[in-house]
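Written out below as structure tokens is the structure these notes cover.
Hydrogens, waters and symmetry mates play no part in the numbers below; they use all other heavy atoms, side chains included.
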Amino acid sequence: MTTTTNPDLASESAAPVRGQRWLVSLRALLRNPAHTAGLIIFILFLLIAIFGPMLAPYGVNEQIVEDARQAPSAAHWFGTDRLGRDVFSRVLLGARDIFSLAGLGTLVAVLVGTSLGLLSGYRGGLFDELLMRFFDSLLSLPALLLALLLLGTLGPSRQSVLLVIIVVYIPIVARVVRSVVLSVKTRGYIEAARVQGESSARILFREILPAVLPALAVEAALRFSYAIFLASSLGFLGVGVQPPSPDWGLMVKEARDNVSQTPWALWFPAGAISILVIAVNLLADGLKTLFRVED
Amino acid sequence: GGAAPAEGTLRVAFQPLVQTDPATISSDTEVFVANAVYDYLVDVDPDSNVVPRLATEWDINDDGLTYTFPLAEGVSFHDGSALTAEDVVWTFDRLRDPDNGYPTADLYANITGIEATGELEVTFTLDQTNPFFLYDLSDNHALVMSSDTEDPSDFNGTGPFVVESYSPEDRILLTANDDYFVDGQPQLATVEVIFFSDENAMVDALRGGQVDLVMRMSTPLFESLQGVDGITTYNIPTGGFDLVRLRADREPGNDPRVIQAMKLATDRAAILELVQQGYGAVGNDSPIGPIFDAYHDDGVQAPERDVEAARALLAEAGYEDGLDLTIHVPNSGGRPDLAAVLQDQWADAGINLEISVEPEEVYYGENGWLEVDLGITGWGARPYPQLYLDTMLVSGAVWNESHFSDEEFDALAALAGSTLDDQERIDAYSQIQQLLAERGPVIIPYHFPQFAAIRDGFTGFQLEAFAGRTDVHTIGTE
Amino acid sequence: MAVPLLQLKDLSVAYRSRRGALRAVRDLSLEIAKGQTYGLVGESGSGKTTLALAVLNYLGKDGYIESGQVLFEGADMAALDEAGLRALWQGGMAHVPQNPFTALNPSMRIGEQVAEAIALNSEIDAPEIETRVLDLLAQVRLPDPARVARAYPHEISGGQQQRVIIAIALGRQPSLLVLDEPTTALDVTTEAVVLDLLRELVRDRDTAALYVSHNLGVVAGLTDRVAVLYASELVEDAPTKELYRQPLHPYTRGLLDSVPRLGQRKDVKPLQGIEGQIPSLTDLPSGCLFAPRCPLAIDQCWEERPPLDHPTPDRRVRCHRWPEILAGEVDAGRDAVEPIQVEDYQPETILTVEQLDVQYPIQRSLADVLAGEPARYVQVVDQLDLRIRSRETLGVVGESGSGKSSLARALIGLVAAEGGEVELLGVQLPARLDARSTETLAHLQMVFQNPEEALNPYLTIAESLRRPLRNLRGMSYAEAQAMVPQLLESVRLPAEYARRLPGQLSGGEKQRVAIARAFATHPDLLLADEPVSALDVSVQANILNLLAELQNEHDTAMLFIAHDIAVVGYLADRIAVMYLGQLMQQGPAEIIFDPPYHPYTEALLSAVPPPDPFVKQEHIRLSGEVPSAADPPSGCPFHTRCPRFLGDICVEQEPPWRETQDGKAIYCHIPIEELQAAQSPVLRFNGEGD
Amino acid sequence: MARYILRRLAFLALTLVLTSLLIFVITQLLPGDVCRVILGREVGEAASQACRAELRLDDPALVRYGDWLSGFLRGDMGLSYSTDAEIGPLVAERLGNSLMLAGFTLAIAVPLATGLGALAALNEGKWLDNLISVFSLAVVGLPEFVTGIVLIELLAFRVGLPANSSIRPGTGFFEALPSLILPALTATLVLLAYIARLTRAGVLEELKQPYVRTAALKGLPRWVVILRHVLRNALAPTITVVAISFGWLISGLVVIENVFNYPGLGRLMVFAISRRDLPLLQGVAMVTVLAFALANLGADLLYAALNPRIRVGE
Ligand SMILES: Nc1ncnc2c1ncn2[C@@H]1O[C@H](COP(=O)(O)OP(=O)(O)OP(=O)(O)O)[C@@H](O)[C@H]1O
Ligand SMILES: Nc1ncnc2c1ncn2[C@@H]1O[C@H](COP(=O)(O)OP(=O)(O)OP(=O)(O)O)[C@@H](O)[C@H]1O
Ligand SMILES: [Mg+2]
Ligand SMILES: [Mg+2]
């Protein structure tokens with residue numbers, strides 16, 4: 001007899017109802033200081049992305065000739081770059097770039113990838129085979145190379161980078177989702193749902209999707225952090241977002257020439273990338289807790 | 001070969017080589033390698049004097065239309081065959097044949113005949129005087145090849161170095177040509193040209209001691225090498241420049257007041273300071289820069305920045321609410337920076353720029369650069385200024401990217417390009433500078449310098465304004 | 001008396017948990033003498049495993065001994081350093097855990113794993129180790145020890161794996177074996193073989209054993225003494241026979257009453273489960289821990305924790321009311337459950353199954369398909385005929401892998417039958433579920449084996465219950481929602497459970513919800529695939545009764561699948577015995593336990609350990625493993641293991657169906673009369689004497 | 001087993017064809033006339049025409065793809081459009097370099113990362129675990145271009161390791177070794193955290209398995225339990241990740257190869273893309289796909305060897 005009773009939970013008199021479940025899990029996430037830090041930093045960066053333009057003391061391309069190449073000071077917290085632009089303002093404004101590229105790209109990739117993964121995993125058959133073979137061949141090239149290839153076609157621009165992130169990550173997300181679907185699909189409750197006359201659509205989105213969410217949330221967070229790297233690597237290689245936009249990777253690239261003169265113009269955007277990525281990784285760890293339902 | 005045996009290795013960092021046919025080479029690397037592997041008929045020294053190379057001297061007819069070149073004796077190609085006048089004839093015929101479509105076809109269009117007037121003598125005839133003809137003969141592509149050439153990419157030159165091995169996108173290894181006809185050259189036993197796609201990596205390698213010579217690098221990287229032990233830096237002025245041009249044949253550039261307003265909105269000193277970190281010289285919107293000191297007219301000054309005046313002019317031209325334009329910029333050199341600075345400066349005058357940075361292969365590919373309204377283009381150093389006028393500004397010139405067409409200008413340019421009277425030419429150039437300042441379609445904010453850095457222990461390094469033309473056969477070890 | 005082999009003194013064991021210390025064993029004292037077999041029983045979560053591991057002093061990262069002592073051969077285990085402890089494990093005591101598969105390293109050969117246990121023990125060289133390994137494997141009666149030694153764990157069956165574990169334990173010649181439910185994961189037939197082995201080994205070697213089990217049947221036949229654990233406490237401790245003859249604690253009584261004896265039937269003697277469930281160890285009642293579930297609880301029980309008394313010198317019990325129970329003044333049995341009246345089922349047939357074939361394809365990849373590999377199949381249900389009459393319960397038993405679930409899944413349409421016909425209420429059903437009408441779905445419902453799997457952990461109970469109403473009975477959201485409390489009530493669950501998630505329910509409760517959901521559509525036929533086999537005995541009894549009641553109430557017929565023949569016998573009107581996808585025997589439930597039997601039925605019956613030390617059981621053991629369904633035996637599918645194997649005829653010819661007068665049908669080459677003559681009843685009540 | 005490998009190779013062939021088709025389609029869309037890109041902006045129409053004719057660019061796309069494919073199947077990868085060089089030897093040379101770097105990186109990264117991960121798991125919750133976690137977390141946030149810059153500053157300019165990893169064709173491993181250190185270290189830092197975290201999780205998971213208890217209760221010393229029982233099972237998932245990383249190491253190191261000017265496949269591929277050099281691009285891509293697929297196959301076989309539960313082919 002495999003024991004299944006969980007007296008600890010079963011006898012819990014105040015069983016949280018659905019809405020509260022999130023609060024409960026959020027509390028679980030907040031109990032871990034590292035995850036909390038990740039969440040806070042992430043939210044902070046998100047706020048910067050939203051309100052950056054209001055907070056930035058200088059314009060994104062505003063040049064102060066006489067202040068060019070100044071070390072950090074009260075007037076310029078992060079110093080100025082070779083064109084006399086305020087690095088602090090540019091880092092703040094760059095947050096929006098990252099979120100609108102890596103963030104939006106990840107989001108779309110996750111949405112599309114999830115739908116494809118759900119469908120492919122649940123349907124199986126030829127559709128699944130063909131899609132997976134196609135994804136195989138997409139994935140048999142390293143992401144950066146695929147990105148470069150696509151960027152060569154599309155020309156370097158913000159939209160292209162966005163599209164590249166989406167195209168590169170859809171297969172990955174789809175595969176993760178598909179593998180979860182494959183394991184969930186054979187669970188008793190899915191069969192039970194079929195016996196209860198549920199439609200395929202409802203089974204996919206109401207019965208299977210929630211089980212996919214924990215893995216998906218973690219995957220999405222990791223994808224986001226990789227997307228940050230991908231976008232900034234493309235910026236760094238000069239084929240991504242183009243100057244004069246305050247993309248962090250591009251800022252690092254541009255400041256690299258001047259690293260002996262204006263090291264701050266390199267370290268601050270590099271630091272911003274690092275901190276955001278670390279925060280997202282911590283958050284990814286935490287999300288496992290957030291979406292987990294005791295079963 | 002020389003008296004003393006060649007010795008030592010020089011490792012040079014360069015962009016990857018692509019073209020190996022002398023007729024189609026263009027980048028510094030390609031020219032640098034070609035200059036080492038082949039010989040020109042005549043050469044141009046760092047002070048812009050024409051000097052002998054394969055030709056030992058030249059004789060110009062009184063009417064200035066016939067040029068005769070005796071060739072050096074005992075010159076042989078790397079495959080062992082001897083150089084003859086026929087080879088020279090073959091080379092230039094190939095270059096000037098319009099059917100081949102090589103870039104030199106226009107340059108040599110006024111050559112009416114090339115003849116081998118002896119085993120080792122070539123005679124060129126022109127249909128019109130050309131004060132710069134000797135320079136033209138030293139064009140980057142004018143490398144003498146064997147008339148037996150089947151594959152123009154096989155590196156069979158007469159030059160001081162022989163190609164030992166070439167591994168594309170990685171390096172090319174040159175070894176001394178022991179049979180080189182000039183005594184004492186080359187001095188180096190081997191030259192290794194290592195390809196880099198990243199300037200930073202070049203400079204890192206130089207500092208780290210993995211390469212000895214870097215030419216062409218960004219200003220900040222050059223700055224960073226100042227005072228580094230064991231490295232000597234070179235900084236020479238050139239006639240090269242980045243230009244901003246507005247198409248003059250359609251709105252809004254067809255109204256000269258617009259480009260004039262742009263000039264007024266531009267702060268050249270600030271640009272030189274920010275984009276060039278003070279290196280180079282401020283430009284006066286004409287390609288006849290200060291380096292051409294015989295022709296440059298100090299009296300012609302670009303206007304001081306005057307935002308109000310710029311606004312007023314714009315308003316006159318009908319753009320009182322400002323002007324929105326997209327500026328197309330290739331992604332190389334300081335051009336994106338220049339665009340960024342212009343965006344900030346011009347915004348004050350109500351000219352709002354959208355910057356479109358494009359990879360060079362896209363910007364120049366399919367001739368898009370000749371199409372766009374507003375663009376930034378880099379023009380490299382040339383040995384004499386007439387080349388810029390003829391290819392860039394004369395009506396219908398091949399790369400007249402601004403689509404400028406001005407009868408007075410055309411007449412002046414034609415005069416300057418053909419008269420053998422120096423003073424007449426100086427006057428014509430002066431008027432051209434005046435004219436361009438008043439109604440020229442281009443802004444030339446600065447002339448950039450040429451940089452190089454070499455590790456200690458080498459002698460005879462003489463940087464050329466066009467870095468690729470720097471002679472490697474004069475370099476030796478200490 | 002000499003020093004006992006093992007002595008537990010006021011032992012309390014706790015786990016560090018997020019909510020603080022969780023005490024899983026409290027104030028427990030126990031002594032095991034040399035050669036003695038001690039049983040330890042209790043519901044899930046009562047602390048049995050914890051105690052077993054505490055004895056081994058291997059409590060893991062979070063567990064620790066809070067107070068008290070474990071003395072082994074008189075020495076305090078707490079005083080041992082790591083080396084001492086290792087020495088003890090190498091020589092003194094050995095552990096046989098519940099799940100043999102996970103207890104073996106999946107990526108190491110069996111031989112290596114056994115050798116590890118020996119090599120440490122003595123200074124012997126490699127060839128000798130090998131001989132010893134083969135020897136040990138032979139001792140635990142593994143066929144072809146050399147092959148097994150070379151195999152990886154997944155390459156041998158569960159029963160063989162458990163024998164390997166036992167070999168590892170014996171390899172160190174321990175004086176104490178700690179056995180934690182060593183047969184729970186095994187099939188009855190395999191279990192019987194392993195139990196025989198253990199019984200023999202313990203006897204021959206004079207090894208003492210602590211035998212943990214939730215199964216009172218197993219403990220009855222194997223142990224000298226039994227201790228009953230409830231919610232971390234020892235509630236009763238007595239010599240085995242005395243405990244079974246007269247349990248003094250109401251909990252012990254409840255456990256005994258929860259298990260159906262062979263031949264016990266719902267309409268004659270209903271099972272008396274234990275109401276409620278074991279309390280949370282973090283939130284224990286202040287008085288007697290069992291009081292909330294005790295039919296005899298009086299005020300004192302709620303207020304005062306009972307002491308551990310000695311009713312006789314060798315019995316202990318923790319109950320305020322034991323003197324009355326001992327004196328027979330009160331009966332701890334529950335009379336709450338009435339015998340479940342079975343109205344005679346109607347003669348008309350509602351389900352007809354003819355020539356049903358179920359096959360599973362053996363996976364092929366796209367490349368195989370492209371390469372033109374022919375598809376291969378396992379035949380798991382083979383030409384099966386079946387009939388269920390209105391309101392009848394047909395029980396199906398058989399070993400694991402015999403195709404019981406596949407039969408049910410083919411009937412419901414979850415797997416498409418390859419051939420054959422299924423007719424429900426005169427309507428022929430499409431093979432695939434998707435092709436079936438809403439009406440059919442409503443008529444035919446199913447309860448699954450694993451309650452953990454049956455409910456989507458992300459949906460509230462209410463949502464799970466609403467779906468069949470919405471889908472199959474066409475109710476609006478509001479109507480369905482209004483029905484939810486009623487449904488919960490029908491399975492005796494409080495209405496507020498509607499808002500809970502499955503994770504907040506116990507296994508039994510989940511199964512109740514699943515049953516409520518299945519009955520929500522008023523089905524004519526319910527397929528129940530081992531609905532109780534994942535549950536504790538106490539819960540199992542309640543669920544069985546609940547099923548029977550609801551069935552009566554809704555006039556539903558039922559196909560009830562179980563591997564426990566006693567459970568099937570309790571609930572079913574007719575029983576079918578299944579082996580390798582075919583029926584071996586069919587007939588009325590009342591006479592299943594009487595000869596003649598199909599030799600397979602006979603073996604099954606003889607394998608079930610009766611929860612009663614006074615019952616004498618025939619020892620018929622099946623040799624060999626169940627053959628692969630991908631490659632079934634010819635002739636009679638059972639011939640490879642049949643103890644009454646006749647010869648070539650069994651190999652070459654399919655047997656005929658032979659009928660007895662009382663309606664039993666047996667699929668065997670041996671004529672009924674011969675069977676009757678050769679067989680005696682498998683179970684006989686043996687009285688006190690033994 | 002042999003059948004399984006054959007089947008995998010069949011799949012590989014399919015993937016190769018699909019990938020080459022994919023690349024072909026994408027390159028058809030690449031803007032910029034190949035000949036313009038090759039010849040530069042200064043050449044006239046005539047030269048451009050001649051070039052197109054020579055490269056047979058005016059043939060229908062399908063015909064060109066067919067030609068390429070049949071050449072490839074015969075082992076002839078053709079000539080590079082831009083450099084006119086034979087692609088086979090060129091790619092082989094770079095593959096050699098990339099393999100050298102990848103091998104060296106894995107030789108550093110895998111023992112280091114798995115060691116750290118295992119160490120962290122065995123000390124779960126203790127200071128060493130925390131230290132390793134913090135370290136790997138810090139490393140997670142470092143983009144390779146930043147790491148590269150830092151390493152050059154620290155180890156090249158101050159310690160004297162070569163800042164530039166450009167190695168001559170045909171350089172042997174030991175001769176190249178000093179040049180490999182910095183790029184390998186940079187790549188290691190990218191992989192380190194990932195593998196270490198995975199290993200840690202794997203070891204923790206395995207430690208929970210009952211077989212560990214069985215082994216310990218045999219009286220085996222702890223280190224034997226860890227080495228013989230736990231690690232073997234815990235490392236299985238790591239192998240898959242290492243195989244995936246292998247693909248990245250072979251041709252995904254574009255940034256690292258740029259920063260250190262290492263003549264690997266990634267840089268060559270970028271060159272091919274920027275030059276619109278389709279045959280070269282295809283050559284590099286095919287080699288990449290091949291290397292990646294073989295690495296995966298190898299990983300699967302190794303996985304199966306470590307993990308007999310997995311029957312090869314399922
Ligand atoms: N590692 C652990 N950490 C915290 N609590 C635990 C741990 N292991 C067991 N418990 C708790 O201790 C109690 C007793 O568990 P134990 O496994 O000893 O019970 P059991 O009687 O063996 O039950 P079963 O029949 O389910 O095996 C349970 O409440 C269980 O949840
Ligand atoms: N989806 C499937 N694919 C392939 N084979 C299967 C599948 N499901 C079950 N089998 C095989 O079919 C046979 C019968 O399985 P089934 O689950 O019907 O048996 P069962 O009698 O219900 O066993 P248990 O008592 O273990 O539940 C087994 O050999 C099993 O391994
Ligand atoms: Mg247990
Ligand atoms: Mg089953």
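Of the listed residues (A:Leu149, A:Val252, A:Ile275, A:Leu138), the greatest number of heavy-atom pairs within a distance under 4.5 Å of chain D belongs to A:Leu149. Comparing A:Ser232, A:Ser225, A:Ala34, A:Ala270 by how many heavy-atom pairs each has under 4.5 Å with chain D, the most go to A:Ser232. Among A:Asn281, A:Leu146, A:Leu139, A:Leu151, the residue making the largest number of heavy-atom pairs under 4.5 Å with chain D is A:Asn281. Ranked by heavy-atom pairs under 4.5 Å with chain A, the list D:Leu137, D:Leu18, D:Thr15 is led by D:Leu137. Of all the listed residues (A:Leu276, A:Leu282, A:Val280), the one sharing the greatest number of non-hydrogen pairs under 4.5 Å with chain D is A:Leu282. With chain A as the partner, the residue from D:Ala291, D:Ser251, D:Ser274, D:Gly252 showing the most heavy-atom pairs under 4.5 Å is D:Ser251.
Residue D:Val259 touches chain A through both its backbone and its side chain, counting heavy-atom pairs closer than 4.5 Å. Heavy atoms closer than 4.5 Å to chain D are found in both the backbone and the side chain of A:Leu148. The contact between D:Ile273 and chain A is made entirely by side chain atoms (from C-beta outward), counting heavy-atom distances below 4.5 Å. When heavy atoms are compared at a cutoff of 4.5 Å, D:Leu281 approaches chain A solely by way of its side chain, counted from C-beta outward. Residue A:Ile228: no heavy atom, backbone or side chain, is found under 4.5 Å from chain D. Contact of D:Ala293 with chain A is not made at all, since no heavy-atom distance falls under 4.5 Å. Using a 4.5 Å cut-off between heavy atoms, D:Glu144 touches chain A through its side chain atoms alone.
In this structure, D:Pro143 and A:Ser274 approach most closely via the heavy-atom pair CD-OG, 4.0 Å.
Rounded to the nearest 0.5 Å, atoms CG (D:Leu22) and OG (A:Ser137) are 5.5 Å apart.
Between D:Thr288 and A:Ser140 there is no side-chain heavy-atom pair separated by less than 4.5 Å. In this structure the side chain of D:Trp248 never reaches within 4.5 angstrom of the side chain of A:Leu144, judged on heavy atoms. The side-chain heavy atoms of A:Asp136 and D:Thr19, taken from C-beta on, include no pair separated by under 4.5 Å. The shortest distance between side-chain heavy atoms of D:Val146 and A:Ile273 does not fall below 4.5 Å. Within the 4.5 Å cutoff, no side-chain heavy atoms of A:Phe229 are placed close to those of D:Val140. By the 4.5 Å heavy-atom criterion applied to side chains, D:Ile149 and A:Arg256 are counted as neighbours.
Counted within 6.0 Å of CZ on A:Phe135, heavy atoms from surrounding residues, nucleotides or ligands total more than 12; the atom is thus considered enclosed.
The aromatic rings of A:Phe236 and D:Phe145 sit parallel, their planes meeting at an angle under 30°, below the 60° perpendicular limit.
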